[in-house]
2 protein chains.
Amino acid sequence: MLVPHHSVLKQLPPFARLSEIEITEVLRSAVPRRYPAGSVVFEQGAAALHFSVLLNGRLRVTQVTPTGEQVVVRIVNPGDIFGIARALRLHTYPGTATAVVESLALSWPMEQWEPLVERYPSFAASAIRVIGERLLEAQSRIREISTEVVERRVGHTVLRLVQQSGVREAEGIRIDFPISKQDLAEMAGTTLHTVSRILTAWEHAGLVDTGRQKLMVKDPHRLLLVADGIEPGLLG
Amino acid sequence: MLVPHHSVLKQLPPFARLSEIEITEVLRSAVPRRYPAGSVVFEQGAAALHFSVLLNGRLRVTQVTPTGEQVVVRIVNPGDIFGIARALRLHTYPGTATAVVESLALSWPMEQWEPLVERYPSFAASAIRVIGERLLEAQSRIREISTEVVERRVGHTVLRLVQQSGVREAEGIRIDFPISKQDLAEMAGTTLHTVSRILTAWEHAGLVDTGRQKLMVKDPHRLLLVADGIEPGLLG
DNA sequence: CCTGCTGTTTGCGCCAGATCAAAGTGACGT
DNA sequence: ACGTCACTTTGATCTGGCGCAAACAGCAGG
């Protein structure tokens, strides 16, 4: 099936307001791409040749500093647009994207971006909203990192994951892709060691359930209280 | 002069590609607003009623955390669009904007945003770029705050100010609006005291010249070396 | 079943930088 | 000129959480 994406695409906000004909038109220049778990989708510094929509799977976008430390910029969820460097007048990708699980994306050559924005105002409006949401999230993280103590930062990081990538289960909400303590540390702006200690404390208190690359939040409400500083930390 | 803004507006990227007639049209729904130094332009949590373009002056946008700490989100420079909360589907402003010097802005009712984006693709494209730039800057700050030591963070903060709001002078580059050490601290994610110590050290080394709400960078090149960790810190 | 690899836990010492405290100084109004 | 207020400097102390180190546990592949 060369065009299984017709209906899928219509679900996504950026394309929701396009007609059947327009979608067919838009799909003409798109190619589906499959990324095995662990593979690199694009690399920091490489020429920005494509922008894409994630159909399913999960990507992790990281940046490395000039001195070699890594930070996780964001997690790309199904439905998200990613790799839009050129819209920001960049010629290279500002970060590296890696598939954390087997993933499928729909990919357009970068030159299609401008026409898409110019021709479909609803696409432009949607793009603004998507980028705007990322901006708000980034600003929240800045506020968190610069004013909050580690335990609360880790709390907010986990809650953000729950909201963006959580699936309800009997015992709580599971983050449905493999995530290491190292990843959490790079999201919260701390170290692997500190994250490990915090999660262990939370596990004893019954807030979460953790394991090798597994994370499940059993008591989101109470975790929120800790993250917001209403309930004191559980360390020590 | 009710419409002195015709030519001014045409200088600004979001409006640069509009025709004379279109600009007249766009200006019809705009009102100029004057903000005395120190006055509040809009307040965090208030209903988002307007979006604006800063014609001259300088605004400081801050956020306060639930627990009362403040962080400086960004400085609005002439030519910048600000207060576009509604474009991000927010109904209230996520931060507070204060005029640091007497400022003049052109202001539209929020309902005009969607029509503007839908009608003028070049406006939409420009908005995407502006928001995207803020996003990149926010991500840089996240990387800095979570991986760099204070001195280098303060360095990058100052360099960012130089780039965005610096004016060449005989002795170096001056930040052309009043900025306190407290402001710098809230931008770099540290405390007033630490900023003071660092700037004192830099002053002794001839990198900067500081005073009461004054900041001038005498040796931007060397400051960059310190900020990038190529040259060791000057503290102690 | 063993072996290796990668992710995780936990203990301990230490230091960057926050916090507390107090004195110093430039700008502005009267 | 003087006093006041806001901003700044500097010192002294305290501590969160980082860095280092070493042991431990899932999981994959032979």
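Source: prediction; values computed, not measured. All chains are named by letter (A, B, ...) in the order of the sequence lines, taking the proteins before the strands, and each is independently numbered beginning at 1.
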Practice prompt. Sugar-phosphate atoms are those with a prime plus P, OP1 and OP2; base atoms are the rest. Using that split, label each nucleotide of nucleotides 20-30 of chain D B, S or - for protein heavy atoms under 4.0 Å, 5' to 3'.
Written response: BB----BS---
Item to complete: Report the residue (B:V149 or A:T210) whose heavy-atom-nearest nucleotide on DNA chain C is the more 5′ of the two.
Response: A:T210
Response to the item:
note: B:W202, atom CH2; D:dT9, atom C1'; distance rounded to Å ~ 17 Å
Discussion item. So if I take the C1' atoms of five pairs at each end of the helix from C:dC1-D:dG30 to C:dT30-D:dA1 and get each local axis, what angle do the two axes make, rounded to 10 degrees?
Written reply: 40°
Worksheet item: Side chains of A:T157 and A:M187: closer than 4.5 Å at any heavy-atom pair?
Response: yes
Worksheet item: Between atom CG in B:L235 and atom C1' in D:dT9, what is the gap in whole Å?
Response: 14 Å
Discussion item. Using whole Å, what does the distance between atom C1' of nucleotide D:dC7 and atom CD1 of B:I179 come to?
Written reply: 14 Å
Item to complete: Starting from C1' on D:dA6, measure out to NZ on B:K181 and report it in whole angstrom.
Response: 13 Å
Discussion item. By the definition side chain to side chain contact (heavy atoms under 4.5 Å, CB included), identify the one residue from A:T210, A:T191, A:L215, A:T194 that meets it with A:K181.
Written reply: A:T210
Discussion item. Assuming nearest nucleotide by heavy-atom distance, tell me which of B:S196 and A:T190 is located more 5' along DNA chain D.
Written reply: B:S196
Discussion item. Is there a side-chain contact (heavy atoms from CB on, under 4.5 Å) between A:L223 and A:L159? Walk through the geometry before answering.
Written reply: CA-CA 8 Å; A:L223 181 54; A:L159 287 171; 3.9 Å; yes
Worksheet entry | Length of the line joining A:L192:CG and D:dG19:P, which is rounded to integer Å | 11 Å
Practice prompt. Carefully, step by step, assess B:Q63 and B:E186 under the rule side-chain contact (heavy atoms from CB on, under 4.5 Å).
Written response: CA-CA 10 Å; B:Q63 277 185 4; B:E186 286 172 12; over 6 Å; no
Worksheet item: With the threshold set at 4.0 Å, does a side-chain nitrogen-carboxylate oxygen contact exist between B:R58 and B:D176?
Response: yes
Worksheet item: Nearest-Å distance, CD1 (A:I145) to P (D:dC18)?
Response: 12 Å
Response to the item:
Contact span of DNA chain C against chain A, any nucleotide atom under 4.0 Å from a heavy atom, 5' to 3', runs C:dT6 to C:dC12
Item to complete: Nearest whole angstrom, please: distance from the C1' of D:dT9 to the CD of B:Q213.
Response: 15 Å
Worksheet, complete the sentence: In whole angstroms, the gap separating C1' of D:dC7 from CG of B:L184 amounts to 13 Å
